[in-house]
Amino acid sequence: NVQLKNVEYIEDRVFRNCKSLEKLILPEGLEYIGSECIAGTGISKIEIPSSVTKCEGPLGRESDGALGGALNLEEVVFAEGMKRIPGYICYNHKNNSTLKKVVIPDSVTEIGRYAFYDCGGITEINFKEKIREINDYAFENCTELVNIQIPDSVTSIGFAAFKGCSNLKDIELPSGITKIGDAAFQQCTGITRIELPKNVKELGECAFLECCSLQSINIPSSVTVIGEGAFSECSNLTAITWNENTYNSVDEFLGAFNNK
């Protein structure tokens, strides 16, 4: 076991491959955690102090984020008081199914880009009521993620934020959101239903590309822009409701929408 004190900065790979290390206590006041900090260790649970604001991105295409590559890590707890989950903190360059549980405190308002990329073991994320932004690639390829409850406080879902989350079933998007980012739910092949909020104005390019289980969707009248490929390869989408009309195919709907 290691307990750090009076440390503000941890370099890349400091504890990498320390296989007997099972517990690491990080101090408040720590601001930076380098790439692959605990990769290859025996740590199964770790708490990240609220003072941590940055985790370096991968050292290269074959490297991981600060907690990435930790093949025994099952739970990450972010301390109360943290405002932003740092980008890349749990980034994996190869899908890692070990991490199951992530505890996000009430204080968090933003999820950084690539924060949980390729964390294939996470089954559920409970967002709190203060969160506003879910940034690019934040949960891409979280293939076991089944349930997400996105609160109404969220106003922005970034590029490919949930791309490849193939076990997501139903999604109810928050009322405050006005744009769904490009590729936000691309390749979410398990989704059967999506509830779009009444205030959404734009569906980004490829937003729901290859959502092949999606069967029905209601497009609110507030939508003015639908990006190219937003519903491409949604082969089972046969009920699209818009302006009190129901269309049996994507092409039929887009024909009407583009000629409005």
Side-chain angles (χ1 to χ4, degrees), residues 36 38-48 55 58 62-78 85-105 108 110-128 131 133-151 154 157-174 180-181 183-195 206-215 233-236:
E36 298 185 354
I38 62 170
T41 68
I43 294 171
S44 61
K45 178 180 178 179
I46 193 167
E47 180 169 337
I48 305 301
C55 297
E62 299 302 314
S63 67
D64 298 299
L67 307 182
L71 299 182
N72 292 295
L73 184 63
E74 297 179 357
E75 182 177 357
V76 176
V77 178
F78 294 95
I85 304 295
Y88 292 98
I89 188 161
C90 293
Y91 175 96
N92 288 277
H93 84 278
K94 293 181 179 178
N95 198 283
N96 178 359
S97 61
T98 307
L99 181 60
K100 307 293 185 187
K101 183 177 181 181
V102 174
V103 178
I104 298 175
V108 167
E110 182 179 355
I111 310 290
R113 64 199 308 262
Y114 288 104
F116 301 101
Y117 182 93
D118 261 356
C119 291
I122 297 174
T123 59
E124 184 176 2
I125 294 289
N126 290 315
F127 296 113
K128 306 302 183 180
I131 192 164
E133 295 181 57
I134 301 172
N135 282 303
D136 300 349
Y137 312 101
F139 296 97
E140 182 173 349
N141 291 338
C142 289
T143 52
E144 294 302 312
L145 187 60
V146 175
N147 295 313
I148 52 170
Q149 296 179 341
I150 304 176
V154 172
I157 296 177
F159 182 91
F162 295 97
K163 179 181 176 182
C165 294
S166 53
N167 272 300
L168 276 179
K169 303 300 181 188
D170 288 353
I171 298 175
E172 187 167 341
L173 296 172
I180 298 172
F185 297 98
Q186 180 179 340
Q187 296 173 348
C188 290
T189 54
I191 291 176
T192 58
R193 184 187 70 92
I194 299 168
E195 190 71 32
C206 304
F208 302 102
L209 173 68
E210 298 175 298
C211 290
C212 55
S213 296
L214 181 61
Q215 299 172 9
E233 299 182 49
C234 292
S235 53
N236 286 301

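These numbers come from the heavy atoms of this one structure, side chains and all, not from hydrogens, waters or symmetry mates.
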query = When rounded to the nearest 0.5 angstrom, what is the spacing between CD1 in Ile125 and CD1 in Ile104?
reply = 5.0 Å
task = Hey, can you tell me if Phe116 and Phe78 have their rings parallel, tilted or perpendicular (30° and 60° cut-offs)?
result = perpendicular
request  = Kindly give the heavy-atom pair with the smallest separation between Gly42 and Asn72, and that separation in Å.
outcome  = CA-ND2, 3.7 Å
query = Can you name the closest pair of heavy atoms from Leu209 and Glu233 and give their distance?
reply = CD1-OE2, 4.2 Å
ask   = Can you find a heavy atom in the side chain of Glu210 that is under 4.5 Å from one in the side chain of Gln186?
value = yes
ask   = If only atom types and distance count, is the side chain of Glu36 paired as donor or acceptor with the main-chain N or O of Asp64 below 3.5 Å?
value = yes
key: Minimal non-hydrogen separation, Pro151 against Pro174, with atom names   = O-CB, 2.9 Å
key: Value rounded to 0.5 Å, distance of CD1 in Ile148 from CD1 in Ile134   = 7.0 Å
request  = Enter the distance from Tyr114:OH to Cys55:SG here, rounded to the nearest 0.5 Å.
outcome  = 15.5 Å
query = side chain to side chain contact (heavy atoms under 4.5 Å, CB included) with Asn167: which residues, sequence neighbours excluded?
reply = Glu144, Val146, Lys169
Asn135 side chain vs Ile111 backbone, donor-acceptor pair below 3.5 Å = yes
task = Nearest 0.5 Å please: distance from the CG atom of Leu73 over to the CD1 atom of Ile46.
result = 7.0 Å
Side chains of Val102 and Ile85 in contact at under 4.5 Å (non-hydrogen atoms) = no
remark   = Here the gap from Glu74 atom CD to Thr98 atom OG1, rounded to the nearest 0.5 Å, amounts to 7.5 Å
ask   = Just one of Tyr137, Phe208, Phe185 clears the ring-ring contact (aromatic ring centres under 6.0 Å, His included) bar with Phe162, so which one?
value = Phe185
ask   = What heavy-atom pair brings Gly120 and Thr143 nearest, and what distance separates the two atoms?
value = O-OG1, 3.6 Å
ask   = How about Lys128: does its NZ atom have over 12 heavy atoms from other parts shown lying under 6.0 Å from it?
value = yes
query = So, for Val77 and Lys45, which heavy atoms are closest and what is the spacing to 0.1 Å?
reply = CG2-CE, 3.9 Å
ask   = Within the distance-only criterion (no hydrogens, no angle test), does the side chain of Asn92 pair as donor or acceptor with the backbone N or O of Gly69 below 3.5 angstrom?
value = yes
inquiry  = Are the side chains of Lys100 and Thr123 in contact, using a 4.5 Å heavy-atom criterion?
reply    = no
inquiry  = Taking the side chain as everything from C-beta on, heavy atoms only, tell me whether Ile122 gets closer than 4.5 Å to Leu99.
reply    = yes
inquiry  = If you define the side chain from C-beta out and look only at heavy atoms, does anything of Asn96 sit under 4.5 Å from Asp118?
reply    = no
request  = With rounding to the nearest 0.5 Å, note down the distance linking OG in Ser166 to CD in Gln187.
outcome  = 9.5 Å
message = So for atom CD, which belongs to Gln149, do other residues, nucleotides or ligands contribute more than 12 heavy atoms lying within a distance under 6.0 Å?
response = no
query = Sequence neighbours excluded, which residues qualify as side chain to side chain contact (heavy atoms under 4.5 Å, CB included) partners of Ser213?
reply = Thr192
inquiry  = Donor-acceptor pair, distance only, cut-off 3.5 Å: does the side chain of Asn141 make one with the backbone of Tyr117?
reply    = no
task = Kindly give the heavy-atom pair with the smallest separation between Ala184 and Ile180, and that separation in Å.
result = CB-CG2, 3.7 Å
